[in-house]
Amino acid sequence: MKILSSIIKPTHKPITPFQWRVYAALLLIPRGSVTTYGLLARYLGCGSAQAVGQALRRNPFAPDVPCHRVITSNLCIGGFSGQREGEQIAKKLTLLTAEGVEFHNSALKDPRQIFHFPT
DNA sequence: TCTGTGACCGCTG
DNA sequence: ACAGCGGCCACAG
């Protein structure tokens with residue numbers, strides 16, 4: 001499995017401890033699976049999915065850190081690269097499709113592809 | 001310090 | 001089914 005420290009390069013902006021935890025958790029998600037902001041927040045012991053969104057929005061490591069594998073709790077596509085709609089979302093869709101995660105009208109087709117973090 | 005903002009969530013009517 | 005609304009918490013300025 002990938003190690004976060006091996007992804008970070010000197011050219012990257014420094015990240016906060018919270019961001020570190022978020023990105024490290026992302027690396028646990030296998031290809032072909034996705035998670036939600038809420039699940040991720042709960043796994044991190046942080047009550048706010050919105051805070052997780054903040055961290056992902058500022059992800060300096062895309063696409064090495066698979067931030068595209070995070071969708072909203074209602075199983076919709078969510079945002080990408082700071083955008084909630086538009087070309088960037090299409091890109092996110094493409095990435096997920098390439099991994100075998102299919103959407104229908106911007107909603108996850110198969111809920112079984114949701115990754116549950118270890119307790 | 002303090003404040004506004006956000007790739008969100010879930011309860012309520 | 002669905003829109004509204006308060007809560008959440010990290011972070012930049």
Side-chain angles (χ1 to χ4, degrees):
Chain A
M1 97 169 199
K2 275 194 189 172
I3 303 298
L4 184 54
S5 55
S6 69
I7 293 175
I8 298 179
K9 301 187 176 99
T11 56
H12 288 131
K13 283 189 188 171
I15 67 174
T16 67
F18 179 72
Q19 281 175 300
W20 183 284
R21 295 201 298 143
V22 172
Y23 302 147
L26 282 187
L27 297 178
L28 297 178
I29 308 173
R31 245 181 94 94
S33 293
V34 292
T35 189
T36 74
Y37 296 95
L39 286 175
L40 193 46
R42 226 174 33 169
Y43 172 65
L44 294 174
C46 158
S48 171
Q50 201 167 25
V52 170
Q54 275 283 348
L56 294 192
R57 185 179 180 278
R58 303 175 172 284
N59 178 13
F61 314 120
D64 289 315
V65 169
C67 54
H68 57 278
R69 293 182 191 155
V70 186
I71 65 179
T72 64
S73 66
N74 57 354
L75 306 190
C76 281
I77 186 70
F80 192 57
S81 187
Q83 310 297 316
R84 296 197 210 213
E85 54 185 1
E87 283 305 312
Q88 299 303 323
I89 302 302
K91 181 97 78 177
K92 178 170 179 176
L93 216 43
T94 302
L95 283 169
L96 287 172
T97 303
E99 298 186 352
V101 179
E102 300 185 49
F103 284 77
H104 182 267
N105 287 38
S106 295
L108 181 65
K109 207 181 242 180
D110 183 3
R112 292 177 305 178
Q113 294 182 307
I114 299 177
F115 174 75
H116 290 86
F117 288 96
T119 60

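In this structure, L44(A) places its CG atom 16 Å from P of dC8(B), rounding to the nearest Å.
To the nearest 0.5 Å, atoms OG1 (T119(A)) and OH (Y43(A)) are separated by 10.0 Å. The CD atom of Q83(A) sits 6.0 Å away from atom CD of Q88(A), with the distance rounded to the nearest 0.5 Å.
For the pair Q50(A) and T16(A), nearest-nucleotide mapping onto DNA chain C gives the more 5' position to Q50(A).
When heavy atoms are screened at a 4.0 angstrom cut-off, A51(A) is found touching base atoms of the nucleic acid. Heavy atoms of F18(A) sit under 4.0 angstrom from primed sugar atoms or phosphate atoms, though from no base atom. Using a 4.0 Å heavy-atom cutoff across all strands shown, G78(A) reaches no nucleic acid atom at all.
Residues I8(A) and L28(A) fall within the same hydrophobic cluster, defined by Ile, Leu, Val, Met, Phe, Trp and Tyr side chains chained together at heavy-atom separations under 4.5 Å.
Checking dA12(C), dC9(B), dG6(B) against every side-chain atom of Q54(A), the shortest atom distance belongs to dG6(B). Set against dC8(C), dA10(C), dC8(B), the side chain of S48(A) has dC8(C) as its closest nucleotide.
A close approach under 4.0 Å does occur between a side-chain nitrogen or oxygen of S73(A) and OP1 or OP2 of dG10(B). For dC8(B), one of the phosphate oxygens OP1 or OP2 lies less than 4.0 angstrom from a side-chain nitrogen or oxygen of R84(A).
dG4(B) and dC11(C) make up a base pair, with Watson-Crick or G-U wobble contacts both under 3.5 Å.
Open room surrounds NE2 on H104(A); 12 or fewer heavy atoms of other groups in view lie less than 6.0 Å from it.
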